[in-house]
Each structure stands twice: as structure tokens, then as C-alpha cells.
Amino acid sequence: MARRPLPRILSSGSASITRSREFARTAADNATDVLHPLITITRGLRLLAGAGRQKWAATPKDKRGPTLFLVAACVLAFALMPYGGLIALVTMMGAAAWAGRERTPVKTGPDEAETARLRSLYEALVPYFSVADDPGPLFSHGGDWEKAFSGYEFDADGRLTRLQVTYPAYFADSEAASRARIERLLHAKSGRGREYHFAWDEEGNQLVMSVLGALPTSIGAQRFVTAPGETVLGFTDGDAVQRTVPVHDGDATRDAPPVVWRTGARSTEPHLLVIGQPGSGTTTLMRSIALQALQHGDILIVEGSGTGEYACLTGRDGVLAVECGLAGALATLEWAAHETERRLIAANRARQSGHPAPEDTKRPLWILLDRPGVLGHLAAADGRPDPQELLQVPLRHGRAANVTVVLTDQFDSLDTLGEAVRTHCRARVVLGHCSREQVESVLGTEPHTTPTPDVPPGRGYARLGTGPVLRLQVPATPDPYDEATGEAQRQAVLGLLPGRQAPAEAPAPAETGVPEPVAARTVAVAAEGMAVTD
């Protein structure tokens with residue numbers, strides 16, 4: 001049977017049909033654009049009419065008469081006014097256009113992707129927040145996640161930025177291991193690459209997880225507004241401390257929340273221990289502390305690494321010594337121990353005689369020791385005592401004698417720290433990328449935040465005594481003699497350095513009662529007339 005050919009309009013007119021459809025669609029779009037104001041006004045009139053009917057239905061019957069009278073009076077007033085009808089029409093059109101405008105729909109709940117993420121988190125928490133004999137479990141497979149998650153927020157990319165979890169009262173939230181399991185799970189399920197903060201409300205059985213922003217790294221070395229005996233270790237979150245200080249951040253001045261470490265006779269944490277990874281900024285923190293200490297006191301610097309990071313402080317006013325070798329370090333620390341004893345004896349005698357303490361015992365003395373583990377290894381190989389043994393007197397009695405000790409070292413030398421250092425250095429700082437276990441080994445407790453994925457220099461955690469663990473960003477204080485240092489930062493550090501001290505002739509060793517190597521390194525102290533006794 002022969003096949004019949006298709007009609008001409010279907011076989012050869014497909015291109016014409018396509019063009020006609022495109023023309024019709026274009027015409028409809030143009031008509032919609034032209035008639036859009038009319039459509040908006042019509043929609044607004046419909047909405048105003050609906051609102052009027054609802055208002056009339058909600059008006060009590062005994063008040064409908066006065067309402068009608070008021071409306072009629074308004075209509076009469078517009079009718080008697082010059083151009084009243086035109087004004088009323090324009091007002092009505094304006095109200096209709098405003099009521100009929102296109103509004104962005106208000107989001108009242110999570111969308112499908114966010115709901116799926118919340119349900120996934122709920123199902124992942126079921127094994128940790130449920131027991132077999134619970135008659136009404138809050139967490140159960142296939143349960144209602146809205147009862148457990150009382151609050152949640154998402155960012156523009158659909159990732160969680162805040163989550164409030166209600167957990168059963170029988171969960172062991174007082175155990176660090178139990179909390180750590182929940183925190184690790186929420187960190188993994190909520191997305192890695194961000195830093196999370198966990199706030200546990202043990203009384204209300206509530207856990208709030210929130211995403212933390214990065215701490216600013218643009219604050220450099222400068223004069224901070226602090227009282228004598230206060231040292232700014234760095235800056236932290238605004239809600240972590242109750243104080244702010246004005247700082248220069250680039251070309252602007254703003255208030256920043258500092259981590260302030262207090263030293264002196266009334267300090268509960270008179271000494272500081274800083275532990276970090278190579279290149280984490282421990283030397284930067286030590287240099288920042290030295291610049292702040294020189295405002296009101298004298299410093300001794302012992303550098304175990306011998307890289308010359310503190311060469312910019314050599315020969316400055318208030319810098320008693322900058323030692324890099326083993327012999328010089330031992331002599332300097334021995335003098336520091338004798339100076340601590342001399343201050344204690346002088347202050348005790350003054351109190352017994354009813355006089356104020358001598359002025360030379362009130363001026364703070366800072367002992368800054370960088371990498372003591374290296375010096376200890378060299379001393380053991382040379383058959384000499386460990387430099388940390390000479391720190392026992394300043395560590396134990398330094399608070400009463402206005403002597404402060406600051407030590408910095410790395411994690412690989414943490415086991416070489418002596419018992420006196422671990423006992424008396426109650427202010428602790430951890431810098432660099434490290435695990436929660438490493439942070440706990442130094443600070444004594446785990447932080448309430450997850451480790452940050454990208455760690456800039458000077459980023460870490462601080463804990464003063466038994467206080468909370470605070471996030472910390474050390475102010476940028478690079479070596480001004482380093483070629484890699486920017487010009488702005490170099491000038492900032494050089495501007496904080498004191499002037500060069502005038503050369504003074506060292507007295508004879510027999511006059512001071514100090515061994516000859518030590519007397520040669522304490523020219524400034526001898527020039528001030530400090531008598532050193534064994």
C-alpha cells in the first residue's frame with residue numbers, strides 16, 4: 001500500500017511555525033513589560049479590596065455606622081476640595097501600586113537541601129544521644145529532628161553557621177571525652193575547612209555550635225593602651241573578654257579585644273610559657289613582649305637557637321644582655337638568680353626597718369629565654385648544668401622580687417622542660433597548627449573550638465591560669481633586620497625600640513662580687529650602682 005504524503009503545511013512549513021511561535025512569545029513579553037504598571041495597580045487594588053472586606057468583617061456591628069459616617073465625610077471632603085478628585089485618584093493609585101509591588105518571598109523554614117542536611121545530622125547523633133531503655137527518646141532513627149534542633153542558621157551556600165541542639169539529660173556532658181566525640185562528629189558533618197565554637201549549657205542540656213570568623217592578622221606592633229604590669233599577648237574574639245583597646249589597623253583606628261597578661265607582685269600567673277611549631281610565631285610573640293616590657297623595666301634575652309632574631313635589641317636602653325652562646329647564657333642566668341636573691345634580701349631588710357622597698361627592687365626585670373631545650377642539650381654534651389636549673393630561684397620567688405620569666409620552645413622539646421617551669425609558668429600560649437591533644441598537653445584542657453584549617457603566623461590559643469581557653473592572634477612584630485620584612489612593619493618595630501645606651505666602663509670583678517664573665521655582660525647594671533651579692 002503506498003504511503004500518503006504529509007500535508008504541505010506539516011512538511012515544509014515547520015520553519016514558518018517556529019518563527020510564528022517566537023514572534024508570539026516576543027509580543028507577549030513586550031506586552032507584559034508595557035502593561036506591567038497596570039498589572040501591578042490591578043493587583044494592588046485587589047489586595048486593598050480584600051483587606052477592606054476583612055477589616056469590615058472584623059468591625060463590630062455597633063461600630064459600623066460611625067465607620068461609614070467617617071468614610072462618607074472623607075469622600076465629601078475630597079469632593080469639595082479643589083482638585084480633590086484628582087488627589088484622591090493619585091493617592092489611590094499610589095497605594096495600589098505600593099500594595100501590588102513584587103515582594104521577595106520571606107523564607108519561613110529550611111528548604112529541601114537544608115532539611116536533608118539537618119536530618120542527616122540528627123540521624124548521625126542518634127547513637128550518641130539515645131539509650132535502649134528510654135521510653136520517650138528525643139533521638140531515634142526516623143524521629144522528629146525539629147524537637148532536637150531548636151535553632152539553626154545557614155549561609156548563602158546552604159552550609160550551617162549556627163546550630164542549637166537539645167540533648168537528653170542522661171548524656172554525660174560533664175566528661176571531656178563524651179563532649180569531644182560530639183564535637184568531632186558535628187565538625188565532620190557540618191563541613192570541614194571552618195572553625196567551629198561549641199558552647200555547652202550543662203544545666204539546660206543545650207549545645208550551641210557556631211562558626212567563628214578568622215581573627216584579623218593586620219594588627220602590627222604598636223604602643224598599646226595598658227597600665228604598668230599589663231602585657232598584650234594578642235587579640236581574640238569580641239565576646240571572649242570584657243575589654244577593648246584602641247589599635248591602629250592599617251590606616252584606620254578601631255577597638256580590638258586584647259588578651260592581657262598581668263605580671264607583678266599581685267599577679268596569679270607571674271610567668272609565661274609559649275609552645276609552638278617551627279614558624280608558628282613564638283619568636284614574634286617574644287619580640288612583642290620585649291618591646292612592651294622595655295617601657296617600664298629591664299630585660300635579659302637568652303636565645304638558644306642562635307639565629308640572631310633579637311639582634312635589633314642589642315645595646316638598647318634597658319636591655320641588659322642578649323646572649324646566644326652557652327657560656328654567656330649560663331653566666332647571665334646565674335646573675336639573674338643572684339639578682340633575684342638580692343632583691344628579696346633588700347626588700348625584706350627594708351620592711352623590717354620600716355622603710356619602703358629600694359627603688360632598684362621595684363623596677364621590673366624580665367628574663368626572656370628562647371629555646372632552652374637547645375641550650376640544655378649543649379650543656380649536657382659539655383658536662384655543664386642545665387640552664388633551666390638556674391631558673392628555679394626566679395621562677396619560685398620572681399613574683400615577690402618583680403622578676404618575670406618568659407620561655408618559648410617547640411613541641412619536640414616539651415618533654416625537656418623542668419618541673420619548676422611546668423609548675424610556675426601558669427600562663428600558657430600555644431601557637432601554630434596542632435591537634436586538640438597537643439593543645440590539652442600544654443594548656444591543661446581542650447579548647448572549645450576546632451583546629452583552624454589555615455594557620456597564619458602568630459595564631460593559636462592562650463590560657464591564663466585556670467581561666468578559659470581563648471583564641472589568640474599575636475600582633476605582627478617581625479625582625480626589622482630581616483630582608484623579607486615589609487617597610488611598614490620594619491618602621492613600626494624600629495619606632496618602638498629604645499635608644500642606644502651610652503658605653504660605660506665595667507667595674508672590676510672584685511668590686512661587684514660577680515664572676516668575671518658575668519661582670520662583663522652586666523655593664524648597664526653596674527653603671528646603675530646595683531650591688532650583686534652571692
Side-chain angles (χ1 to χ4, degrees), residues 9-10 13-122 143-164 190-191 208 210-211 213:
I9 192 173
L10 297 179
S14 57
S16 300
I17 294 176
T18 303
R19 286 194 299 269
S20 301
R21 290 177 178 176
E22 293 178 356
F23 177 78
R25 188 180 296 109
T26 303
D29 295 339
N30 294 334
T32 302
D33 295 337
V34 172
L35 298 177
H36 184 268
L38 181 59
I39 296 174
T40 301
I41 294 175
T42 303
R43 186 190 307 116
L45 291 174
R46 185 174 66 254
L47 293 176
L48 291 177
R53 286 195 299 269
Q54 294 179 0
K55 185 68 176 178
W56 179 259
T59 302
K61 292 184 178 181
D62 57 342
K63 294 183 179 181
R64 291 184 178 181
T67 302
L68 285 175
F69 177 78
L70 180 61
V71 172
C74 292
V75 172
L76 181 61
F78 273 101
L80 296 177
M81 287 175 54
Y83 305 103
L86 180 61
I87 295 175
L89 180 62
V90 172
T91 304
M92 180 64 70
M93 293 299 102
W98 177 260
R101 72 188 187 280
E102 295 182 357
R103 299 181 178 89
T104 303
V106 179
K107 186 177 180 181
T108 58
D111 54 22
E112 294 183 2
E114 295 172 352
T115 302
R117 184 179 291 271
L118 292 173
R119 181 169 296 280
S120 175
L121 276 174
Y122 176 83
D144 187 6
W145 59 268
E146 295 182 354
K147 296 181 179 180
F149 298 157
S150 53
Y152 45 83
E153 295 178 5
F154 291 86
D155 58 10
D157 298 330
R159 305 178 68 186
L160 270 172
T161 58
R162 186 179 181 275
L163 179 65
Q164 184 173 355
S190 300
V208 178
S210 56
V211 177

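What you see is a predicted model; the values in this text were computed from it and never measured.
To the nearest 0.5 angstrom, L48 atom CG is 11.0 Å from R53 atom CZ. Atom OG1 of residue T115 and atom CZ of residue R119 lie 8.5 Å apart, to the nearest 0.5 angstrom. The distance from atom CG of L68 to atom CZ of R64, rounded to the nearest 0.5 Å, is 9.0 Å. How far CH2 of W145 is from CG of L118: 4.5 Å, rounded to the nearest 0.5 Å.
Considering only heavy atoms from C-beta on, V211 stays 4.5 Å or farther from L160 through its side chain. Between Y152 and E114 the shortest side-chain heavy-atom distance does not fall below 4.5 Å.
Atom CE of M92 has 12 or fewer neighbouring heavy atoms from other residues, nucleotides or ligands inside a 6.0 Å radius.
Between the side chain of T91 and the main chain of I87, a donor-acceptor pair closer than 3.5 Å is present. Side-chain N or O atoms of D155 include one that pairs as donor or acceptor with a backbone N or O of D157 at under 3.5 Å.
The two residues Y122 and G143 have their closest heavy-atom pair at OH-CA, 3.6 Å.
By the side-chain contact (heavy atoms from CB on, under 4.5 Å) test, P66 is found to be paired with no residue, residues two or more places apart in sequence or in another chain being considered. S150 is linked by a side-chain contact (heavy atoms from CB on, under 4.5 Å) to Q164, T166, Q206, counting only residues two or more places apart in sequence or in another chain.
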